[in-house]
Amino acid sequence: NALLRDMNGSIRERALLMRNRATRHAIYVKQTAAEKQLIVEAIAARDPQRARQATSDHINAALGRVLAAFAAGEREAPKRRRSREAEADA
């Protein structure tokens, strides 16, 4: 179905945009690497409880980064709209 394909494409595009926004700063790359390192260490230590907790912590932190990026994008959106409207009037 073309409608579902288009909707899926739109969702995928937005998800990639949010992921890009959430990870574009070096601090986030370092945080993500540290979170994943904790997961790897827990798995290597054969500690499923610690691995589960580290994974949960990573997912929650990633969600926080994505939501912050989304909120920042929403704050920027009106500026972009005004800018495009000004260009259209020119």
Side-chain angles (χ1 to χ4, degrees):
N1 182 317
L3 176 61
L4 291 177
R5 186 183 62 242
D6 291 346
M7 288 174 60
N8 184 48
S10 177
I11 291 168
R12 175 179 255 186
E13 182 179 311
R14 289 176 186 268
L16 290 172
L17 177 63
M18 289 301 110
R19 183 176 184 188
N20 183 26
R21 285 183 181 169
T23 59
R24 70 176 145 185
H25 300 293
I27 184 100
Y28 296 142
V29 173
K30 289 179 184 178
Q31 288 173 346
T32 299
E35 292 162 6
K36 290 181 178 181
Q37 183 62 37
L38 291 175
I39 296 168
V40 169
E41 289 171 3
I43 292 169
R46 298 182 184 271
D47 187 338
Q49 185 174 357
R50 196 171 90 197
R52 190 176 302 113
Q53 185 61 53
T55 301
S56 178
D57 291 346
H58 169 61
I59 291 170
N60 287 327
L63 176 61
R65 289 188 289 270
V66 168
L67 292 176
F70 181 74
E74 288 296 310
R75 286 192 300 274
E76 293 172 6
K79 294 176 193 171
R80 286 194 301 266
R81 272 196 298 274
R82 283 195 298 270
S83 175
R84 280 189 293 235
E85 289 168 1
E87 288 174 6
D89 290 339

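The figures here come from the full heavy-atom set of this structure, side chains too, leaving out hydrogens, waters and symmetry mates.
What you find for Ala61 and Glu35 is that their closest heavy atoms are CB-OE2, 3.3 Å.
In this structure, Asn60 contributes its side chain and Ser56 its backbone to a donor-acceptor pair below 3.5 Å. Listed for the Ser10 side chain is no donor-acceptor partner under 3.5 Å among the backbone atoms of Asp6.
Rounding to the nearest 0.5 angstrom, the gap separating the CZ atom in Arg50 from the CD1 atom in Ile43 is 10.0 Å. Between atom CG of residue Leu4 and atom CD1 of residue Ile11 there is a gap of 9.5 Å, rounded to the nearest 0.5 Å.
Judged by distance alone, the side chains of Gln49 and Gln53 never bring a donor and an acceptor atom under 3.5 Å apart.
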